[in-house]
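Naming: A, B, ... by sequence-line order, numbering from 1 per chain.
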Protein chains: 2
Amino acid sequence: MTVDAQFETIEATGSEAGTPRSDMIYQAILDAIYQGRLPPGSVVNEAALALEFGVSRGPVREAIRRLQGIQLITREPYIKSRVVTLDATTARELFELRMALEGMACNIDARRMSDAEIDGLISELERSRHNYSADVPGDGSVFDFHERIARACGNARIINLLCGDLYHLLRIYRRHSGAIIERKEEAYDEHWQILRAIKARDPQLAESLMRSHVRRAARNLFDHLDGENLPDI
Amino acid sequence: MTVDAQFETIEATGSEAGTPRSDMIYQAILDAIYQGRLPPGSVVNEAALALEFGVSRGPVREAIRRLQGIQLITREPYIKSRVVTLDATTARELFELRMALEGMACNIDARRMSDAEIDGLISELERSRHNYSADVPGDGSVFDFHERIARACGNARIINLLCGDLYHLLRIYRRHSGAIIERKEEAYDEHWQILRAIKARDPQLAESLMRSHVRRAARNLFDHLDGENLPDI
DNA sequence: TGAAGCTAAAATGTCAACAGTTTTTGGCGA
DNA sequence: TCGCCAAAAACTGTTGACATTTTAGCTTCA
């Protein structure tokens, strides 16, 4: 039940003074989910977490409510909440949403990014080419193409969705779908093509390429999932 | 400062027994924002609302946190929160997001809806033609084309966004943008065309038509807004 | 054996008081 | 009069206790 004993109190991990405890605990629970200490389907107990983090139930409750808001934790009054489970339907819905949002981000990028921004992104992509091999860890401080594309669009709502809620879910899927072949080599080519379309100021092509790219990632995930087959996307 | 004296306690409005107070208060604050009793930019005071609703600060705080989660209320630690203001940038971002999501919804509809569903929607649209005139109140229990299109797509995440967060914001815009000409007559034709494209099983056309429809609504809003001109969308 | 019903434990929901931070207020000096 | 600074007020953040509901375990009976 206990997530871990590595936190004496939440102050140990919390950095800035003046940051509310609820914010620190939000991040701590999120990390626990990321790292699999709170696996999908496990119950999220307010009192236990409060004891663990050395705070009262209030801040823990607030953090949980926030995670429920982005649908990472289930919510039903009086019923104990659980980390969401990752079924095929949820995955399909996630990828459909990504196709819509990341596609639109590319569309906007092709119209709004400056030439300098685009060139900078292209050179960063090429410099990070060695990261696009199967033996480099996926998450970390490496060049994150999708995040950069999203942030470049300048639409705070789209950025917030893609780099917040959806990104959390995607990370959990990656973490818990075992040894998925990540098709990194193909990804590099597709990323490069998308940037070319943006540089060519072709919003529709850029959007179409991004959608295909996300669709292929979805198919890849489903092909390596336990027998689930992907309905038309 | 006080929202209204019409609630003795929250129990008066709350319907079901066993429903948490925080849920009722969430709805109550949302209504207050809708009805303009909490106009954009006004501060949202926990203690005042708690006194108003006859409960302690806890449930009120939770309701506010939820509204902050969908970005209807600002959030910054220790700083008093306010109802979001409706500036041109926010509106542009809202409509861009709607173009992406409602477009995708149409795309999915054209592939997944059954013929019977489509025919039913068409006949409902035609039956409600008399509502598409300027003198019929916009909100109410009338036929809501956009909601129906969104719900038909079956993607819970997209539905949740369009009929939840974004719809709230849109309603507030409608409420506070004065006597906007709602171009209802044009809307009927455009809605009808979209349904034709869905019935013809043409996802790309349906998506394109919906995007244009939303774009025109955005332009209409900005044209009638105080001098703000809409950047390229 | 197992299924329905009851009881105790556990979990979530709510409250009132206290702590820390921000905002306001009032006075001071230039 | 205006800006600056300190103290007070107001507000948000946090806590521990209590209330309400669910959950788990036990008993009973067929």
| Is it the case that A:Arg111 and A:Asn107 place a side-chain donor and acceptor less than 3.5 Å from each other? | yes

| message | On the nucleotide C:dG13, are OP1 or OP2 found under 4.0 Å from the side-chain N or O atoms that B:Arg61 carries? | response | no

| said: Taking the minimum atom-to-atom distance to the side chain of B:Arg65, which one of C:dG13, C:dT23, D:dG13 wins? | reply: D:dG13

| note | Whole-Å distance, B:Leu49 CG to D:dC11 C1', equals 13 Å

| said: Does B:Val60 reach a base, just sugar-phosphate, or nothing at all? Heavy atoms under 4.0 Å. | reply: nothing

| request: Starting at atom OH of B:Tyr78, determine the distance to atom P of C:dT21, rounded to an integer number of angstrom. | output: 6 Å

| Does B:Arg57 put a side-chain nitrogen or oxygen below 4.0 Å from OP1 or OP2 of D:dC11? | no

| message | Nearest heavy atom decides the nucleotide; on that basis, is A:Gly58 or A:Ile79 closer to the 5' end of DNA chain D? | response | A:Gly58

| said: For a quick test of reading the model: is some side-chain N or O of A:Ser22 closer than 4.0 Å to OP1 or OP2 of D:dG13? | reply: no

| query | Taking only side-chain nitrogens and oxygens of A:Arg21, does any of them come within less than 4.0 Å of OP1 or OP2 of C:dA19? | reply | no

| said: For B:Arg66, is there an ion pair with B:Asp23 - N to carboxylate O distance below 4.0 angstrom? | reply: yes

| What is the distance from CG of B:Asn45 to P of D:dA9, rounded to the nearest Å? | 17 Å

| Nearest-Å distance, CG (B:Asp23) to C1' (D:dT21)? | 14 Å

| request: For A:Glu46 and D:dT14, give me the distance from atom CD to atom P, rounded to whole Å. | output: 15 Å

| Atom CD1 of A:Ile73 and atom P of C:dT12: how far apart are they, to the nearest Å? | 11 Å

| said: Does any part of the side chain of A:Leu169, heavy atoms only, come nearer than 4.5 Å to the side chain of A:Leu86, both counted from C-beta? | reply: yes

| Is the closest side-chain heavy-atom distance between A:Ile25 and A:Val55 below 4.5 Å? | yes

